[in-house]
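Written out below as structure tokens is the structure these notes cover.
Hydrogens, waters and symmetry mates play no part in the numbers below; they use all other heavy atoms, side chains included. When a ligand or atom number is given, it counts from 1 through the structure's own listing order. What you see is a predicted model; the values in this text were computed from it and never measured.
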Amino acid sequence: MANNDDQFKKVISHAKEYGYVFQSSEIYDGLSAVYDYAQNGAELKKNIRDYWWKAMVQMHDNIVGIDAAIFMHPTTWKASGHVDAFNDPLIDNKDSKKRYRADVLVEDYCAKIETKIDKEVAKAEKRFGDAFNKQEFITTNQRVLGYQEKIDTILSRLAKSLENEDLADVKALIEELEIADPLTGSRNWTDVKQFNLMFGTKLGASAESAMDLYLRPETAQGIFVNFLNVQKTGRMKIPFGIAQTGKAFRNEIVARQFIFRMREFEQMEMQFFIKPGTQKEWFDYWKDTRLKWHKSLGLGEDNYRFHDHEKLAHYADAATDIEFKFPFGFKELEGIHSRTDFDLKQHEEYSGKKLQYFDHEEGKSYVPYVLETSIGLDRMFLAVFSNALVEEELEDGSKRDVLKLPAVLAPTKAAILPLVRKDEALTNMAKAIVDDLKWDFNVFYDEKDAVGKRYRRQDAAGTPFCITVDGESLEDNTVTIRHRDTMEQKRVKVSELRDIIKKEVDVREWLMKM
Ligand code: ATP
């Protein structure tokens, strides 16, 4: 089996080869941590966004969606705390001149200890076979408990030092753990310094009158500043939510891991406005609901876990991440945060406007509390894509690359293939099927190369169905439909195609699994 690094490299090259993700401005050697979505990638991304929007907005009669501007009045970012506190702790290696996020160096160190735990578990699983109880093992095995304690001690010290802005202690921790530059092995570190992640720009023509602006580092603030507008014009009653998808920008210093950490990325966020005091209940509700959404896509039950935050952001009274098992390990995919009334109160203070809700049942006004769910669309793309890519060995010993995307998200739902290119009757019939199906689905016509080769190409591109038109089709109006994952072929009537495809790709069928 390929190791994780090889698997990840394969994901990146496959994404390029099959028209999913390109490096931005590649002809100029690219721009670091900026990517373009290609013809298939743009479709996959749109389908993920739609799947989220349908579950979040269409299926909740108390959640509405907006589309706020990327530019916002600069005071927004003073009020939100981003001007003062949206920083990453950075450390430079004096020998290699490379810059790292200090917290990530420590977290990566802990991830290495975690692989040791995984190894112990795998060993024990082999030894005990069917009788193995993982839960019991990890809560009683001394070696595992020792590793876990070490991780917990390190992470809680890191959390405390970051919270107290004790950057000297973060450096001390790196030195005590003897963490070395991953590239060169050098331990010659500078002090840890804070670095603000917002991109600045200017509005206005002349230098004197220009106003300093920021590209938004999150979409959430566009929702907060519109809270009262939406509540009043939509006559929303608490509890209610406002959802939004859109671009956000962060000057990430350690931007690697492909589209996992980008400088320009897209978020899908929902702020749920609630009565103060009910936040615990709603926190649990949204944790559960969001995990169910993820699991409805069938990417594997064991590929998710919650990571509760020890270090809470300045606005939160509870926070958790849904982590996904990416090719480089479990990492944050989505954040769920109980943000209290911090944001609305801050905007009240800085704008001088009241941002309150009159609760008829209670007979009084209050600033609502907020529960946030925030997921990176690009990270979700990477989760779906990397999970889908598998190499299968077939019965005849040959191999095939297949991109087992959930059918509901696949860019192209079916490829229509005349068995031979030279037979005009076949190509005409295939094109007529394309013309009919394209009203409902993205379909693709392909007549080049032998049909086996065309199947492989569609497997690798992630197309769930191939429909082949052959001589028999001309006689009885039937075609063969082949499933990407099972490679099973069935003869069906042309008139049945629409329903067969719809059943497998319909959002309803997938979201019903939630
Ligand atoms: P991280 O700790 O990985 O930097 P974060 O905790 O800063 O992420 P949030 O501010 O909670 O992230 O943003 C919500 C979501 O937006 C994240 O769960 C992630 O999916 C996505 N996200 C954040 N930063 C980036 C980025 N630079 N590139 C791609 N997606 C991102």
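Enclosure of atom CZ in F71 is not indicated, since only 12 or fewer non-hydrogen atoms of other residues, nucleotides or ligands lie within 6.0 angstrom. With a 6.0 Å radius and a threshold of 12 heavy atoms from other residues, nucleotides or ligands, D288 has its CG atom above the threshold.
For the ring pair (Phe, Tyr, Trp, His ring centres under 6.0 Å) criterion with F385, the lone passing option out of Y20, F260, F326 is Y20. For the ring pair (Phe, Tyr, Trp, His ring centres under 6.0 Å) criterion with Y37, the lone passing option out of F381, F22, F265 is F381.
Here R101 pairs with D88 in a salt bridge; the nearest charged N to carboxylate O distance falls below 4.0 Å.
For the side-chain hydrogen bond (donor to acceptor under 3.5 Å, both in side chains) test, no residue two or more places apart in sequence or in another chain qualifies with N62.
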List below, pair by pair, the N or O atoms of ligand 1 and of the protein that are less than 3.5 Å apart, including the distance to 0.1 Å; reply 'none' if no pair qualifies.
residue: ligand 1; atom: 3 (O); partner: R261; partner atom: NH2; Å: 3.0
residue: ligand 1; atom: 3 (O); partner: R379; partner atom: NH1; Å: 3.1
residue: ligand 1; atom: 3 (O); partner: R379; partner atom: NH2; Å: 3.0
residue: ligand 1; atom: 4 (O); partner: R261; partner atom: NH1; Å: 2.7
residue: ligand 1; atom: 6 (O); partner: E332; partner atom: OE1; Å: 3.2
residue: ligand 1; atom: 6 (O); partner: E332; partner atom: OE2; Å: 3.4
residue: ligand 1; atom: 7 (O); partner: R250; partner atom: NH1; Å: 3.1
residue: ligand 1; atom: 10 (O); partner: R250; partner atom: NH1; Å: 3.2
residue: ligand 1; atom: 10 (O); partner: R250; partner atom: NH2; Å: 3.0
residue: ligand 1; atom: 13 (O); partner: Q267; partner atom: NE2; Å: 3.3
residue: ligand 1; atom: 16 (O); partner: Q267; partner atom: NE2; Å: 3.4
residue: ligand 1; atom: 18 (O); partner: E332; partner atom: OE2; Å: 2.7
residue: ligand 1; atom: 18 (O); partner: L333; partner atom: O; Å: 3.4
residue: ligand 1; atom: 20 (O); partner: L333; partner atom: O; Å: 2.9
residue: ligand 1; atom: 20 (O); partner: G376; partner atom: N; Å: 2.9
residue: ligand 1; atom: 24 (N); partner: R250; partner atom: NH1; Å: 3.3
residue: ligand 1; atom: 27 (N); partner: E252; partner atom: OE2; Å: 2.8
residue: ligand 1; atom: 27 (N); partner: M262; partner atom: N; Å: 3.4
residue: ligand 1; atom: 27 (N); partner: M262; partner atom: O; Å: 2.8
residue: ligand 1; atom: 28 (N); partner: F260; partner atom: O; Å: 3.4
residue: ligand 1; atom: 28 (N); partner: M262; partner atom: N; Å: 2.9

